[in-house]
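Have a look at the structure below before the remarks.
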Amino acid sequence: MPATPSPPSDAKPITSRDGRLVVPDHPVVPYIEGDGTGPDIWRATKPVLDGAVARAYAGRRRIGWLRILAGESAHAAVGDALPPETVEAIRTYLVAIKGPLTTPVGGGHRSLNVTLRQTLDLYTCIRPVRWFPGVPAPVVSPQKLDVVIFRENTEDVYAGVEWPSGSKEATSLISHLNATLGTHLRDDSAIGIKPMSPMASKRLVRAAIRYALTNKRRSVTLVHKGNIMKFTEGAFRDWGYQVATEEFGDVVVTEKEVEDRYCGVAPAGKLLLNDRIADAMFQQLLLRPDEYDVIATPNLNGDYISDACAAQVGGLGIAPGANIGDSVGIFEATHGTAPKYAGQDKVNPGSLILSGAMLLRHIGWGEAASLVETAFGKTIAQKVVTYDLARQISGVEPTSCSGFGRAVIANMD
């Protein structure tokens with residue numbers, strides 16, 4: 001097949017005007033099935049999204065799906081794991097949804113996920129994490145965790161600026177640093193660069209604050225390791241406070257202001273801004289999760305924290321995610337490809353289904369998104385679950401990947 005087939009003839013592209021999406025009733029939405037179990041979970045997810053849209057809008061609206069290629073299928077078809085046509089299609093149609101893509105450890109190609117984020121400047125990774133009643137969880141009170149994580153997507157150690165041990169680049173840089181700046185790096189070290197800029201950090205925190213205000217959330221917490229990395233992660237913290245005070249000073253109050261001026265109680269109608277050291281935050285999210293709401297964090301911290309939070313409420317199988325820039329958004333399953341289960345119609349499609357609900361909400365189709373989320377919760381509560389959850393619930397037989405999707409659709413009626 002070509003790298004980018006033609007979209008349905010009667011579908012129209014989503015456009016943008018004054019920073020807002022303009023969505024036709026029959027929009028083109030590209031999708032990437034993904035590698036490994038990606039095709040399985042997509043086959044379960046697409047009917048759920050189509051069913052929700054049909055029910056919510058009585059057939060007046062529908063999605064014109066456009067398959068685009070990335071990963072193993074793209075390499076097999078056109079010899080390129082991320083064809084330029086795929087990137088251009090996402091840029092043209094402004095939204096897309098994707099399954100997991102293979103990323104080799106050590107050698108091989110760079111992460112396609114990271115490449116997409118950097119190429120399209122999808123600087124905000126958004127991961128809402130909450131518990132659905134009936135989902136087995138390793139903590140006593142999983143319902144106390146309800147956070148939305150904003151992870152900076154383009155900088156930090158994920159920038160990919162690194163050289164292997166013994167390479168001429170690493171050797172040259174080590175020599176320069178030791179001779180010129182007085183460092184004491186070992187000659188055989190591998191070298192990686194951790195860039196963090198005011199622009200990227202501020203726009204991430206700005207997006208988190210705007211989200212919190214729009215969705216009437218209680219607080220935004222900056223998570224960093226600024227006590228050790230003072231000029232990168234410490235600066236992230238400082239830049240975040242600058243954004244809050246300079247751009248949102250009338251509606252945001254800092255934790256210090258609350259202590260100094262309001263006797264420890266945030267005034268009504270104000271968004272609380274605070275910060276936490278990353279390792280302490282892991283403990284806080286276990287012991288006092290209900291004290292946190294929206295979390296803004298550099299790239300690596302956000303990767304760890306979002307997965308750790310997901311583990312508290314049932315795992316990555318039901319954790320949705322999105323990567324969003326100023327104009328383009330990609331919604332994706334947050335788990336890996338699980339190739340040993342590929343083609344078995346077995347794995348949990350929940351992450352992709354809920355990411356699809358995020359996509360629907362992003363384009364303004366909130367009624368359909370709510371149908372998906374409510375029906376998803378009902379299905380879990382009925383103990384209709386795939387093997388990953390069934391093995392944790394006594395006396396429950398697992399349903400298939402596609403069977404779970406059909407159950408969600410049935411619970412929309």
Side-chain angles (χ1 to χ4, degrees), residues 33-52 55 97-100 127-147 289 306-322 331-360 368-413:
E33 288 187 342
D35 298 328
T37 57
D40 290 351
I41 62 175
W42 174 246
R43 282 191 291 269
T45 296
K46 179 180 177 295
V48 171
L49 303 182
D50 286 339
R55 287 164 173 78
I97 186 169
K98 60 177 283 295
R127 295 275 296 272
V129 186
R130 65 184 178 97
W131 182 68
F132 288 91
V135 173
V139 295
V140 174
S141 301
Q143 74 280 0
K144 291 183 178 181
L145 181 69
D146 183 359
V147 298
S306 56
D307 283 10
C309 286
Q312 291 179 226
V313 296
L316 291 176
I318 56 171
F331 300 79
E332 65 179 359
T334 58
H335 53 73
T337 58
K340 71 177 181 178
Y341 296 121
Q344 297 182 27
D345 193 25
K346 180 175 182 177
V347 299
N348 191 340
S351 177
L352 195 61
I353 288 173
L354 294 175
S355 296
M358 290 181 70
L359 184 155
L360 294 173
S370 294
L371 267 179
V372 173
E373 292 161 351
T374 300
F376 184 91
K378 285 181 180 178
T379 305
I380 296 287
Q382 293 165 354
K383 298 184 178 181
V384 179
V385 293
T386 48
Y387 84 99
D388 55 315
L389 300 181
R391 63 187 177 186
Q392 303 176 62
I393 307 174
S394 178
V396 171
E397 289 294 321
T399 190
S400 63
C401 176
S402 58
F404 181 84
R406 289 191 295 270
V408 173
I409 295 169
N411 276 320
M412 293 179 191
D413 297 328

I would like to know whether Leu145 and Val139 meet side chain to side chain contact (heavy atoms under 4.5 Å, CB included); could you show each step before the answer? CA-CA 10 Å; Leu145 181 69; Val139 295; over 6 Å; no
Compare every heavy atom of [Y] with every heavy atom of [X], then report the nearest pair and how far apart it is.
X: Ala357; Y: Ala369; answer: O-CB, 3.3 Å
X: Ala407; Y: Val384; answer: CB-CG1, 3.8 Å
X: Pro100; Y: His335; answer: CB-O, 3.4 Å
X: Val313; Y: Val135; answer: O-CG1, 3.3 Å
X: Lys346; Y: Tyr341; answer: NZ-CE2, 3.7 Å
X: Ser351; Y: Thr334; answer: OG-N, 3.0 Å

Spacing of [X] atom [atom1] and [Y] atom [atom2] [to the nearest 0.5 Å]:
X: Lys383; Y: Glu397; atom1: NZ; atom2: CD; answer: 13.0 Å
X: Thr386; Y: Arg391; atom1: OG1; atom2: CZ; answer: 9.5 Å
X: Asp307; Y: Leu316; atom1: CG; atom2: CG; answer: 4.5 Å
X: Asn348; Y: Asp388; atom1: CG; atom2: CG; answer: 4.5 Å
X: Arg130; Y: Ile318; atom1: CZ; atom2: CD1; answer: 9.5 Å
X: Met412; Y: Ser370; atom1: CE; atom2: OG; answer: 11.5 Å

Would you check, one step at a time, whether the test side chain to side chain contact (heavy atoms under 4.5 Å, CB included) holds for Ile97 with Leu49? CA-CA 11 Å; Ile97 186 169; Leu49 303 182; 4.3 Å; yes
Indicate yes or no: at least one non-hydrogen side-chain atom of Pro136 is less than 4.5 angstrom from one of Leu389. yes
With a 3.5 Å distance limit and no angle check, can you tell me whether Asp35 reaches the backbone of Thr337 through a side-chain donor-acceptor pair? no
Report yes or no: does Thr37 contribute a side-chain atom to a donor-acceptor pair with the main-chain N or O of Asp40 at less than 3.5 Å? no
Partner of Val48 under side chain to side chain contact (heavy atoms under 4.5 Å, CB included), chosen from Ile353, Leu352, Leu371: Ile353
Of Cys401, Ser355, Pro349, which meets side chain to side chain contact (heavy atoms under 4.5 Å, CB included) against Thr45? Pro349
Which of these passes side-chain hydrogen bond (donor to acceptor under 3.5 Å, both in side chains) with Thr379: Thr399, Asn411, Thr374? Asn411
Cationic tip of Arg406 within the cone over Phe404's six-membered ring, i.e. under 6.0 Å and within 45° of the normal? no
